Amino acid sequence: MTGVMEISVTRTNNSRLASTKLENIPFGSVYTDHMLEARYEDGEWKTVEIKPYQAISMQPSMAALHYGQAIFEGIKAYRNDKGDAFIFRPYDNFKRFNQSAARMNMPEVPEEIFIDGMKQLISIDKDWIPAMKDHSLYIRPVMFASDEALGVRPSRTYRFFIILSPTGPYFVNPMRILVEQKYTRAAPGGVGFAKNAGNYGGSMLAATLAQKQGFDQVLWTDTIEHKWLQEVGMMNVFFVIDGKAVTPSLEEGTILEGVTRDSVIKGLNEMGVAVDERRIHIDEIVDAYKTGKITEVFGTGTAAVIAPVKELSYNGFSMTFDPEQYKISPAVKQWLGDIREARSADNHGWMVQVP
Ligand SMILES: *Cc1c(COP(=O)(O)O)cnc(C)c1O
């Protein structure tokens, strides 16, 4: 991008806001009046526009549909009593988006488009942010390969969008989880640390098969031994053992570095709960269960924030937990909610104001 970036703005004269009830909207089912679109061609980001939310047109030969260069992000924004809007940790998602882009051989998106464009878009659709407890505006940036060609090579053109979706509380029933012994989500050297569409596509069969057996999701294990714990569904996983929290470490590149994961680690530290990031073997979990040392198991992610686990099933051995007795995970969820919904001070500089 050369010089100062111009974002052209076309406003709708047909706002749907007045006819939309913002309370308790199910996740990802309603979109705001506007969207942002940027196009990459000839080695640079060219047109950037904010325009009415609308369908996109494409040829059936569009590269992303065939060869899967597609990445995305998930972020939330909040509105306080005074009507000011804040985005939660968008720079962390910006950094991760460009790490995903690099891994998928896609161009980086500049800050002027990802962050400044996002702020401007939200500013236009600010009144769509539900200002109720546990409500937020879900922000979905996405980039995909847009060449209309079937030759196998990195695309030369890309399209980047940001769409916004108001959302109510994401209630998750405590989950029954199957420790997956056949399929894997990510392998060392692969794309597990990137937030690319294919990771989701590749995970759905295992989840569906687990659901047929009465589970809600799977706990992914490593590719080689099926012993080392990875993530629970598409969330990071935490265990509380002997009063200490433990979560899988990131160095193998098979785990998505969750912003919620990082926020929860910082919250636990502030609450005086030690957190260990390291490799976790399933036998350690089974042993700790048998000696009564595991008190909590939960997943973390932007959509649900914290999702409690009530059962882990490993090779026919069922380990059950009682989320009603959980203390640490509800406390850290509250801690995070208080910062995001402005009930307590943001000492970490996590809330980025929308002008
Ligand atoms: C997005 C995602 C997460 C959670 O990341 P957050 O930044 O906390 O939303 C965890 N695992 C996978 C595989 C993901 O795609």
Side-chain angles (χ1 to χ4, degrees), residues 5-38 48-54 73-94 111-142 161-171 259-260 263 266-267 301-306 333-355:
M5 197 187 63
E6 279 293 332
I7 301 182
S8 76
V9 178
T10 311
R11 286 182 186 248
T12 180
N13 37 33
N14 247 321
S15 173
R16 289 174 277 109
L17 182 58
S19 58
T20 307
K21 215 171 129 263
L22 291 180
E23 202 169 352
N24 290 325
I25 296 177
F27 179 77
S29 57
V30 170
Y31 299 92
T32 66
D33 280 331
H34 299 90
M35 63 197 263
L36 178 141
E37 176 178 358
V48 189
E49 49 180 342
I50 290 173
K51 59 187 182 181
Y53 182 88
Q54 59 193 261
E73 270 303 331
I75 309 170
K76 279 179 173 174
Y78 300 82
R79 194 151 58 105
N80 68 16
D81 306 340
K82 293 181 219 115
D84 302 323
F86 294 85
I87 314 170
F88 183 71
R89 303 189 69 173
Y91 289 94
D92 296 85
N93 297 86
F94 170 56
E111 185 172 332
E112 297 98 302
I113 298 177
F114 193 99
I115 297 282
D116 300 346
M118 180 184 299
K119 283 182 181 169
Q120 196 174 340
L121 176 65
I122 294 174
S123 170
I124 289 170
D125 281 344
K126 206 186 244 180
D127 293 342
W128 281 88
I129 308 176
M132 289 162 270
K133 187 165 190 303
D134 295 331
H135 287 61
S136 60
L137 183 73
Y138 183 78
I139 306 163
R140 170 54 61 88
V142 59
F161 289 96
I162 302 176
I163 56 176
L164 307 174
S165 179
T167 174
Y170 192 105
F171 183 75
V259 178
T260 318
S263 308
K266 299 216 159 80
T302 293
V305 187
I306 287 189
K333 182 174 185 178
Q334 175 81 35
W335 176 87
L336 199 52
D338 286 347
I339 296 173
R340 301 216 255 199
E341 294 169 37
R343 289 183 295 271
S344 60
D346 167 28
N347 298 322
H348 299 270
W350 284 343
M351 306 305 290
V352 173
Q353 188 161 6
V354 173

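Here the structure is a predicted model, which means the values were calculated and not measured.
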N24 side chain to P169 backbone, donor-acceptor under 3.5 Å: no
Short side-chain to backbone donor-acceptor contact, T260 and T302, under 3.5 Å: yes
Any donor-acceptor pair under 3.5 Å from S165 side chain to V30 backbone: yes
Those residues that, when tested against A38, pass side chain to side chain contact (heavy atoms under 4.5 Å, CB included) (two or more places apart): W45, V48, I113, F160
Considering all heavy atoms, the nearest W128-L137 contact: O-CD1, 4.1 Å
H135 side-chain N/O to I129 backbone N/O, donor-acceptor pair under 3.5 Å: no
Under 3.5 Å: donor-acceptor pair, side chain of D346, backbone of M351: yes
Within-4.5 Å side-chain heavy-atom neighbours: I25 and T167: no
Polar contact flag, side-chain donor to acceptor under 3.5 angstrom, D338-Q334: yes
Donor-acceptor contact present, side-chain R79 to main-chain F86, <3.5 Å: no
Heavy-atom donor-acceptor pair, R16 side chain to Y31 backbone, under 3.5 Å: yes
Any side-chain heavy-atom pair of L36 and M118 under 4.5 Å: no
Partner set under ring pair (Phe, Tyr, Trp, His ring centres under 6.0 Å) for Y78, not counting sequence neighbours: none
Residues K133 and E341 bridged, charged N to O under 4.0 Å: no
Sub-4.5 Å side-chain heavy-atom contact between P52 and D33: no
Side chain to side chain contact (heavy atoms under 4.5 Å, CB included) between R11 and N13, worked out: CA-CA 6 Å; R11 286 182 186 248; N13 37 33; over 6 Å; no
Aromatic ring pairing W350/H348, orientation class (parallel under 30°, perpendicular over 60°, tilted between): parallel
Backbone N/O of L22 and side chain of T20: donor-acceptor pair under 3.5 Å: no
Residue pair V352 / Y91, side-chain heavy-atom distance below 4.5 Å: yes
Derivation and outcome, side chain to side chain contact (heavy atoms under 4.5 Å, CB included), residues Q120 and D116: CA-CA 6 Å; Q120 196 174 340; D116 300 346; over 6 Å; no
Modelled atom types, side-chain donor and acceptor of S263 and R89, under 3.5 Å: yes
For F27, ring pair (Phe, Tyr, Trp, His ring centres under 6.0 Å) partners two or more places apart: Y138, Y170
Minimum heavy-atom distance A304-K333, with the two atoms named: O-NZ, 4.2 Å
Donor-acceptor contact present, side-chain K76 to main-chain F88, <3.5 Å: no
Side chains of K51 and M35 in contact at under 4.5 Å (non-hydrogen atoms): yes
